[in-house]
Protein chains: 2
Amino acid sequence: MKKPKGGLSGTLESYLELIHELQTQYGAVRVTDLADRMGCKTPSATSALRRLAHLGLINYEAYRPVTLTRDGKAAIRRMSAGHRILADLFTTVLGLPAELAEPEACALEHRISPTLLARIGTLMDFLHGPPGGTELRDALQQRFAKYLASAEGQERGGPKASA
Amino acid sequence: MKKPKGGLSGTLESYLELIHELQTQYGAVRVTDLADRMGCKTPSATSALRRLAHLGLINYEAYRPVTLTRDGKAAIRRMSAGHRILADLFTTVLGLPAELAEPEACALEHRISPTLLARIGTLMDFLHGPPGGTELRDALQQRFAKYLASAEGQERGGPKASA
DNA sequence: AACAAAATTTAGTTTCATCTAAGAAAAGGA
DNA sequence: TCCTTTTCTTAGATGAAACTAAATTTTGTT
């Protein structure tokens with residue numbers, strides 16, 4: 001996870017994905033939105049755009065609308081599988097609402113090893129598929145939800161400042 | 001996850017934890033080992049040591065043995081809970097052998113949000129505790145293990161980069 | 001003790017990702 | 001149209017984390 005295989009850092013992957021999302025959702029990619037959503041200032045977003053362009057993943061020219069290149073689209077397709085798997089884990093197993101699961105998946109997908117991701121994928125296949133997982137999944141969900149509700153509001157006693 | 005709350009980056013956390021581990025395991029911390037285990041060269045390790053010392057987490061002077069300060073020990077105590085929770089998830093739910101789960105937990109613990117970690121902790125509490133999780137856990141483990149064995153060697157069947 | 005080998009540190013560079021300050025372009029209202 | 005506001009970009013700086021090459025210190029051997 002140290003060496004971005006395709007020369008694409010986790011941060012840049014996030015930018016790229018966000019570009020795709022904004023593009024399909026709003027039709028356009030505004031640098032301000034990009035910065036907002038990434039939690040940074042506009043110059044950082046601009047610089048990310050330049051780096052992405054330099055890597056051949058987007059078409060970028062100053063003050064022009066941004067578009068994805070074929071390579072860029074391919075990269076996104078490659079990445080989004082991981083995103084789905086994680087979001088699935090978070091909602092299905094951990095019982096997180098989609099509004100929480102999504103950003104968490106977003107934040108983690110670029111930092112998790114392919115090995116681990118593959119294994120999680122297998123688990124989710126198992127939990128969804130007929131081979132035998134579905135009842136188990138339902139039982140887990142129902143009983144964990146109940147457990148959560150009972151432990152309500154004190155989520156593991158507060159693992160943050162335990163020291 | 002962008003802003004290290006206590007001014008301590010994920011990388012530095014890893015170094016700190018490794019220092020602790022080497023110290024308790026071998027009694028001493030050799031820069032070479034530090035570098036080896038972190039997958040970097042010795043100058044990088046040295047620079048990390050300087051940064052950690054500057055943050056008041058270790059006592060460090062050139063060519064001297066490294067020791068943890070009180071703050072350093074506190075930081076480690078604060079962090080290791082997350083490590084255990086993740087390793088537990090990986091072995092118990094995903095069925096990874098400890099030799100794989102450990103390094104994966106190590107790599108992820110500094111990159112996962114407190115929220116998510118807390119929820120995973122709750123899940124593990126549930127799965128281990130008497131409230132009702134244990135049979136579920138055993139069922140999950142056994143059946144998933146079987147599923148894994150059957151899907152042997154092709155982890156996730158192939159729709160990975162489903163394009 | 002003196003020298004060779006191993007370990008560690010310094011020096012100097014690189015890349016990434018961010019920032020602030022300030023200038024250029026585009027959009028919109030009067 | 002012209003002027004103001006918003007948006008975007010450039011310029012320049014910073015800090016984290018890594019590298020190579022070259023000192024320097026420590027250790028171990030004879």
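- Residue B/R64 contributes atom CZ, which lies 19 Å from atom P of C/dA7 at whole-angstrom precision.
- Note: CZ (B/R111) to C1' (D/dA16) measures 14 Å, nearest angstrom.
- Rounded to an integer number of Å, the gap from CG of A/L12 to P of C/dT18 is 9 Å.
- Judged by distance alone, the side chain of B/T91 and the main-chain N or O of B/L96 form no donor-acceptor pair under 3.5 Å.
- Between A/Y60 and D/dC8 there is no side-chain polar atom (N or O) within less than 4.0 angstrom of OP1 or OP2.
- A/S9 has a side-chain polar atom (N or O) that falls below the 4.0 Å cut-off from OP1 or OP2 of C/dA17.
- Atom C1' of nucleotide C/dT15 and atom NE2 of A/H54 are separated by 13 Å, given to the nearest angstrom.
- OP1 or OP2 of D/dT20 sits under 4.0 Å from a side-chain N or O of B/K41.
- Contact check of residues 43-51 of chain B against DNA chain C (heavy atom, cut-off under 4.0 Å) returns B/P43, B/T46, B/R50.
- Note on B/Y63: every side-chain N or O is 4.0 Å or more away from OP1 and OP2 of D/dT27.
- Checking the phosphate oxygens (OP1, OP2) of C/dA7, no side-chain nitrogen or oxygen of B/T32 falls inside 4.0 Å.
- Taking atom CG of B/L52 as the reference point, atom P of D/dA16 lies 11 Å away to the nearest angstrom.
- The separation between B/L8 atom CG and D/dA17 atom C1' is 14 Å, rounded to whole Å.
- Rounded to whole Å, the distance from CE on B/M38 to C1' on D/dA17 is 10 Å.
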